[in-house]
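Read through the structure below, which is laid out as structure tokens, and then see the notes.
Atom set for the values below is all heavy atoms of this structure, side chains included, hydrogens, waters and symmetry mates excluded. Protein chains get the first letters and strands the later ones, always in sequence-line order, with residue 1 at the start of each. Quantities reported herein were computed from a predicted structural model and do not represent experimental measurements.
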Number of protein chains: 2
Amino acid sequence: MAKAPTVYDVAERSGVSIATVSRVFRSPATVRDDTRQRVLAAVNELGYVPSAAARGLAARRTNVIGLFFPGHDETVPDKPVDAARGDTVPIVDEDSDRAPDAENLYFDEVLRGAEIEAWRRGFALMVAAGRGNAREALVTDIAGRVDGLAVLARTVPDELLAYVARRIPVVILAGAQRADDFDHVSASNGPGMRTLANYVLQDHGVHDVVYIAGPADSPDDAERLAGFRDALADSGLAESGVRILRSDFTREGGRAIATRLLAERRPRGILCSNDETALGVLDVLERRGIRVPEDVLVTGFDGISAGRNSRPRLTTVHQPMVELGRAAVHAITARLDDPGLAPQSFTLPVEVVLRESCPRV
Amino acid sequence: MAKAPTVYDVAERSGVSIATVSRVFRSPATVRDDTRQRVLAAVNELGYVPSAAARGLAARRTNVIGLFFPGHDETVPDKPVDAARGDTVPIVDEDSDRAPDAENLYFDEVLRGAEIEAWRRGFALMVAAGRGNAREALVTDIAGRVDGLAVLARTVPDELLAYVARRIPVVILAGAQRADDFDHVSASNGPGMRTLANYVLQDHGVHDVVYIAGPADSPDDAERLAGFRDALADSGLAESGVRILRSDFTREGGRAIATRLLAERRPRGILCSNDETALGVLDVLERRGIRVPEDVLVTGFDGISAGRNSRPRLTTVHQPMVELGRAAVHAITARLDDPGLAPQSFTLPVEVVLRESCPRV
DNA sequence: GGTTCGAGTGTATGCGCATACATCGCGGAG
DNA sequence: CTCCGCGATGTATGCGCATACACTCGAACC
């Protein structure tokens, strides 16, 4: 780690100019073969690694794309990392408190898609999770580092996004297709829920259903709810005939609302606006000995992996999370290629996945 | 997205020099209060965002840390991202082929820890997954962008690591504590397996066990196997008395080895070197109607979330994956603060987590 | 034989910022 | 009243690279 060699060092060593060294990396075809070999030899001997900072400055583009998603640091203690003390290994009985929340799994998959697509297109990927208070500083910090930014819906205030968007393209992930100046990438929420609801209402012939929506400010949730209402209309059912409750997209919230609901009565079907809520509902049903799907049908939305392993396994609408990440990067690079583009919206296809909690009829 | 304003624009607008503008961001305390207000006002009006490239170049440090982990792109088709065609939503029966592999979950958690710790310390986090062939270009590319690099063990050839390490600190994650010049961060593999094995051998009194190891080139696996042997010694058992098989850390591999094993005979306990292998073993046992834990005890190692939801739920040794990520970043920043530091090794504590597949006695 | 042209290379400049150093103004010490 | 010290600000420079432009040289052309 002696001070890093630069183009100048390489140029001197190989007896060419710095321009040629630069060209060896940026446009190898324009350099004669033996010259290139000589330069590369010097590069290897010196251990030269091009400085992305200098390149970014000179080229006015960093070739980095940023991904901003909701934070999760509250759950991680701020204690220093400590090493193992001796060889003592505790033996504990369970680790339920350690359960990863499914939301993270969702973003992990989005991240994976973004990572893949970014590098494929020659971009590096920088990630940041929203820290509650420091969010503003974080966002502008990352904005100064990247050529474009993908942001999970509702994690950054619009005002701040607008500020950043003056400088770089911003794409909003998994939010509704709002009529704003940002690019949007999201899943086909409405049609997905409509199809699933129709499966319950028509194929199963179950009309006695309750719909558990998510937070009122979630555009995704609004679209799903609208899809549910479409399904009601499809079956000629009056909206007044079904109950629509509101929860908060968490498993705990799902448990709470299910407890309240069951205290009154037991419907034949419970449609949830996301998987976590549905898993919470399943928890309560199991505890009460209510059989799923025999007594009650339950469905979710998202397709998180936890739903695949639940008992019973959860019927849901699967979002293409990896594809969402890829599409976000795609949208950004498209805009970088053509800044004049009108704001775009990508809606990715979903799939209804039938599992035990609402099986195929 | 008109061309981004610079310090010069801000300086002119607020009637100060560029040095003062710079100071407002780098050392606000040295700027008089009213001056700072004036500058910040101009910043807001212009939509100024400091260029990380320029800052990095001038300051000779990017404040970015890189995280390099094994690739997964093979599983993602290279087809273009396509939008939803119409509102058609297919209804499918299962999505087992879409199952995320547990290895990714492992790295997702490491990533989460790294992300948290990095931003806490004022670093941005850049991620890259190893692309088989393009790996070398990828590694040097990212090396040119960051101040330090954390690499999952066995994903980058030593030679390449050494090349990069001439320029920036490199820490190896989850590999064995080799005696090389890199910093290492890993979990307490040996003691963890020893403790778990002793629980089986002594507390359960089960001596008729088989150990299923992982790939021979995995340093983690070697440590775990050594821990198992220690446990044998602890109980005064001869190593020749137990069978040690080798698999490949995958669920599929676990199934294969279990099938072969059961064709011969059925031991009372099967200890696996990682969770995925154990899950594969459980698959086979269930298919054959062999009860776990009544007929056979099964244990894993890692603590991936899939093991929490398996049937029966898997007893394992839980690695602190989030902490691993944090520790890696910690190690890098420590070395950046003091480049002269001798190579360090952090070993993080693990926990034996008893679940149904090998319950508390 | 001179001219043209293009491939290959060198020279010069600027990207936007941090920072060492210089400068300025002001209050207190002498 | 002068001098010093110090806080606040300005000036000048360089970080390492990409690239526009200039230049050289040999081959093709008339």
- Under the salt bridge (Lys or Arg N to Asp or Glu O under 4.0 Å) test, which residues partner B:Arg32, sequence neighbours left out? B:Asp34
- Not counting sequence neighbours, which residues clear side chain to side chain donor-acceptor pair (under 3.5 Å) with B:Glu45? List them please. B:Arg13
Between the protein and nucleotides 5-9 of chain D, are there any N/O to N/O pairs under 3.5 Å, and if so, what are the atom names and distances?
from	atom 1	to	atom 2	distance (Å)
D:dT9	OP1	B:Arg32	NH2	3.2
D:dT9	OP1	B:Thr35	OG1	2.4
D:dT9	OP2	B:Arg32	N	2.8

- Residue list, side chain to side chain donor-acceptor pair (under 3.5 Å) with B:Arg121, at least two apart or on another chain: B:Glu117, B:His330
- Report the residues that fulfil side chain to side chain donor-acceptor pair (under 3.5 Å) with B:Thr62, sequence neighbours left out, ordered by chain and then residue number. B:Asp147
- What distance separates A:Phe68 CZ from A:Arg135 CZ, expressed to the nearest 0.5 Å? 6.5 Å
- When we call it a touch if two heavy atoms are under 4.0 Å apart, what does A:Thr6 touch: a base, just sugar-phosphate, or nothing? sugar-phosphate
- Residues which pass salt bridge (Lys or Arg N to Asp or Glu O under 4.0 Å) with B:Asp141, listed by chain and number, not counting sequence neighbours: B:Arg145
- Message: Please list, in numerical order, the residues of residues 45-59 of chain A that have a heavy atom closer than 4.0 Å to any atom of DNA chain C.
- Response: A:Leu57, A:Ala58
Using a cut-off of under 3.5 Å, enumerate the N/O to N/O pairs linking the protein to nucleotides 24-28 of chain D.
none

- With sequence neighbours excluded, what pairs up with A:Asp33 under the side chain to side chain donor-acceptor pair (under 3.5 Å) test? A:Arg36
- Through what angle, rounded to 10 degrees, does the axis of the helix from C:dG1-D:dC30 to C:dG30-D:dC1 turn between its ends, using five pairs per end? 50°
- Item | Spatial distance of atom CG (A:Leu336) from atom CD1 (A:Ile168) [nearest 0.5 Å] | 9.0 Å
- Task: Any chance you could lay out the side-chain contact (heavy atoms from CB on, under 4.5 Å) test for B:Phe69 and B:Thr155, step after step, and finish with the verdict?
- Result: CA-CA 6 Å; B:Phe69 51 96; B:Thr155 61; 5.6 Å; no
- Query: Got a second to check how far B:Leu161's CG is from B:Arg166's CZ, nearest 0.5 Å?
  - Reply: 13.5 Å
Which pairs of donor and acceptor atoms, one on a side chain in residues 48-55 of chain B, lie under 3.5 Å apart (sequence neighbours left out)?
from	atom 1	to	atom 2	distance (Å)
B:Ser51	OG	B:Ala53	N	3.3
B:Ser51	OG	B:Ala54	N	3.1

- Start with the C-alpha distance between A:Glu323 and A:Arg326, add both sets of side-chain angles, then the distance that settles salt bridge (charged side-chain N to carboxylate O under 4.0 Å, His left out), and finish with yes or no. CA-CA 5 Å; A:Glu323 295 299 305; A:Arg326 292 184 59 200; 3.3 Å; yes
- Where does the chain A footprint on DNA chain C start and end, counting 5' to 3' with a 4.0 Å heavy-atom cut-off? C:dG8 to C:dG16
- Task: Calculate, to the nearest 0.5 Å, the distance between atoms CG and CZ belonging to A:Leu125 and A:Arg112 respectively.
- Result: 12.5 Å
- Between the OG1 atom in B:Thr35 and the CZ atom in B:Arg23, the distance rounded to the nearest 0.5 Å is 10.5 Å
- Message: Applying side-chain contact (heavy atoms from CB on, under 4.5 Å) to B:Leu111 and B:Leu67, what does each step give before you reach the verdict?
- Response: CA-CA 8 Å; B:Leu111 169 72; B:Leu67 182 59; 3.7 Å; yes
